[in-house]
Structure formats: structure tokens, C-alpha cells
Amino acid sequence: MGWADTFTFDKEVQDAVNRLYIAKQDEEIGRRLQPYTEVIKAQAQAQAQRSFGDKTDGRLPTTFFGMPPEVVGPLLGTQQQNLPRPPATPAR
């Protein structure tokens, strides 16, 4: 004996019930995967590096979009040293 199609909720109530159900499912999945989080993180990092390696020739970018590093650098404080420098333009 089932309850299917015997009553309905207002849209807002049904949406809340759906969100709660999904949140509980996500919580259960997270609980089950918790012992493996370090392995998952390491695999994600390795995949990110492989993906970057597949798309680059290993050189720093020579084209910058937005504000140049000289302008943004003071806004970033100590992170300024980590910004790649634009290529020097040859003197004429």
C-alpha cells in the first residue's frame, strides 16, 4: 500500500522537502567518503597538474589582461613578488 499521488504540498513546501532530502543524502555521502578525503584531495591535485601540463608549454604568460602587475602589485602587498613580470620591450 503506497501513498503516491494521494496528496500534494504547496510548491514552497515541496521545494523545502526536496532540499532537505538532498542535503541529507549529501551528508551521508560525505560521511562515507570522509576516511578517503586525503586521497581524493591528492588525486584532484594531481589531475589539476596534469590538466595544466597538457595545456601549457611551460613558459610564463607574455600577455596580461586587465591591470598590469605594476599597478596591481601594491594592492596585493606581500604577494607582489609572486606575480610574473611582463617581457621587457627592446630599446630602439
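These numbers were taken from a predicted model, which means no experiment stands behind them.
- From R19, atom CZ reaches atom NZ of K24 across 14.0 Å, with rounding to the nearest 0.5 Å.
- L33 CG to E28 CD: the interatomic distance, rounded to the nearest 0.5 Å, is 10.0 Å.
- No side-chain N or O of Q34 forms a donor-acceptor pair with one of R31 less than 3.5 Å apart.
- Environment of CD in Q25: crowded, with over 12 heavy atoms of neighbouring residues, nucleotides or ligands closer than 6.0 Å.
- Annotation: the span from R50 atom CZ to Q43 atom CD amounts to 8.5 Å, rounded to 0.5 Å.
- Using a 3.5 Å distance cut-off with no hydrogens or angles, the side chains of Q14 and D10 do not pair a donor with an acceptor.
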